[in-house]
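See structure below.
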Amino acid sequence: MASSLENCLQIMIANLYPPWPQPELTMGLAAHTDHGLLTLFIQNDTVGLQVLHKDKWVNIHLIPNSFLANIGDHIEILSNRKYKSVLHRAVVNDRDVRISIALTHGPASDATVNPTPMLLEDGQNPLAYRVMKYKEYLELQQSNKLDGKSYLEHIRNKGI
Ligand SMILES: O=C(O)CCC(=O)C(=O)O
Ligand SMILES: [Fe+2]
């Protein structure tokens, strides 16, 4: 992946979750992973972000005045699956408004993303993912509904 810092693509996503009368019947944001390398994340003091850990959804309590950093899909692609992107979702509640802001950090939109040779063990690791431009991945993600790790699965090379 060749990309200078000034060309990196950052996308800010602001989410507003109003209180919902039957929170157990709805989902604020369906389970997904984020595109890009890292997502920096802040929220107001209402809990709602959950991360899948050992097959269980775990509430994330942010440290006040700090960012949470999540690994995105393109770290998983760059590391050829050594570092996995984080599956997460947002739940709602029936009392408090929740606001969150996610800032994704990706390479330049024209950058072609493939595993970095330093993380491939002497050519023993076949490429886990199809090589593609970052913007092609974004288009793929935008044209589908959120569904777990389905975008990564879509570009995964069979049998790896
Ligand atoms: O609001 C949240 O807790 C999650 C937001 C999120 O995952 C996103 O915007 O990608
Ligand atoms: Fe997300």
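Model, not experiment: these values are computed from the prediction. Indexing begins at 1, ligand by ligand and atom by atom, following the structure's order.
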How does [X] reach ligand 1, by side chain, by backbone, by both or by neither, if only non-hydrogen atoms under 4.0 Å count?
X    : value
T104 : neither
D34  : side chain
N15  : side chain
Q43  : neither

By number and element, which atoms of ligand 1 are closer than 4.0 Å to a non-hydrogen atom of [X]?
X   : value
I13 : 9 (O)
Y17 : 1 (O), 2 (C), 4 (C), 5 (C)
F41 : 2 (C), 3 (O), 4 (C), 5 (C)
A90 : 1 (O), 2 (C), 3 (O)

For this session: Indicate the atoms forming the closest heavy-atom contact of N80 with Y129, along with that distance.
Result: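 So the minimum-distance heavy-atom pair works out to OD1-N, 4.4 Å.
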
Problem set entry | Protein N/O/S atoms closer than 2.8 Å to the Fe ion (ligand 2) |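 Atoms qualifying: H32 NE2, D34 OD1, H88 NE2.
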
Problem set entry | Under 3.5 Å donor-acceptor, N70 side chain and V86 backbone |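 A pair under 3.5 Å: no.
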
Problem set entry | ligand 1 contact by R98, heavy-atom criterion under 4.0 angstrom |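 Right, R98 reaches ligand 1.
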
For this session: Report yes or no: does H32 have a heavy atom closer than 4.0 Å to ligand 1?
Result: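 It does; at least one heavy atom falls under 4.0 Å.
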
Exercise. Under 6.0 Å from the CG atom of L25, do we count more than 12 heavy atoms belonging to anything else shown?
Worked result: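 Count over threshold, so yes.
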
